[in-house]
Amino acid sequence: MQVKETSIFDHTGNKIVTADREISIIAKMEDPKIVVLGNVVSDAECEELIRLSKDRINRSKIGSRHEVSDIRTSSGAFLPEDDITSRVEKRMAQIMNVPVEHGEGLHILNYKPGQEYKAHYDYFKPKHNGTHNPRISTLVLYLNDVEEGGETYFPNMNLSISPQKGMGVYFEYFYSDPSINERTLHGGSPVITGEKWAATMWVRRKQYR
Ligand SMILES: O=C(O)CCC(=O)C(=O)O
Ligand SMILES: [Fe+2]
């Protein structure tokens, strides 16, 4: 493949061997790098992450009514550090080829029918508080199978990825050519039937935690 800019995701071949799991590379695109990954988390890990999230999401809904926006109609929460979250975060950091301390932690999203995350960039706007330690990459994991809808879509790339339990999508946006970063515009399509659970890790250029 002809690549214009270098990527931090430097894995070659069909799989990524992390300390505790073999991840498969299903599809890959360059400029921007977008990688579809299989076998990132086990069924048991997906179920445990959902279980841990259920309580927190309910609680965060009560406390954060002022944050309601039509950009993201799903419910979300950061999970606290414990055995499973730190194991999954370490694995995600190895996939993303960054130190785990650069990650913001695991952010869980739950979409019910009709809920969506409209197209957005994960990087911060210039002059935003976060620009001294910008976000550089994202890994979204799918924690369940969605009956219908809930795709992660990249409208500037005419690309959409259907959620499958245990799979994930990686992308990065620190390119010197801003038009490449702008191609990482993405969103979560409305869930039509069933519900969707996803876990996102956003990664910073420098240590965050
Ligand atoms: O739910 C999705 O497919 C996308 C989630 C997302 O864009 C994010 O968490 O930043
Ligand atoms: Fe996003």
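First listed ligand is number 1; within each ligand, the first listed atom is number 1.
Using a 4.5 Å cut-off between side-chain heavy atoms of Ile, Leu, Val, Met, Phe, Trp and Tyr, with links allowed through other members, L37 and L49 fall into the same hydrophobic cluster.
Within the 4.0 Å heavy-atom criterion, the part of H120 lying near ligand 1 is the side chain and not the backbone. Under 4.0 angstrom from ligand 1, the non-hydrogen atoms of L109 all belong to its side chain.
When each atom of ligand 1 is checked for a heavy atom of D122 under 4.0 Å away, the hits are 10 (O). Numbered from 1 in the order shown, with element, the atoms of ligand 1 that lie under 4.0 Å from a heavy atom of W202 read 8 (C), 9 (O), 10 (O). For ligand 1, the atoms closer than 4.0 angstrom to any heavy atom of T200 are 8 (C), 9 (O).
The nearest N/O/S atom of D122 to the Fe ion (ligand 2) is OD1.
The protein atom (non-hydrogen) at minimum distance from atom 2 (C) of ligand 1 is K196 NZ, 3.2 Å. If you check which protein heavy atom lies closest to atom 1 (O) of ligand 1, you get Y111 OH, 2.5 Å. In terms of protein heavy-atom proximity, atom 3 (O) of ligand 1 is nearest to T152 OG1, 2.6 Å.
No heavy atom of T138 sits closer than 4.0 Å to any atom of ligand 1. The shortest heavy-atom distance from H107 to ligand 1 is not under 4.0 Å.
Between Y111 and Y117, a ring centre-to-centre spacing not shorter than 6.0 Å is recorded.
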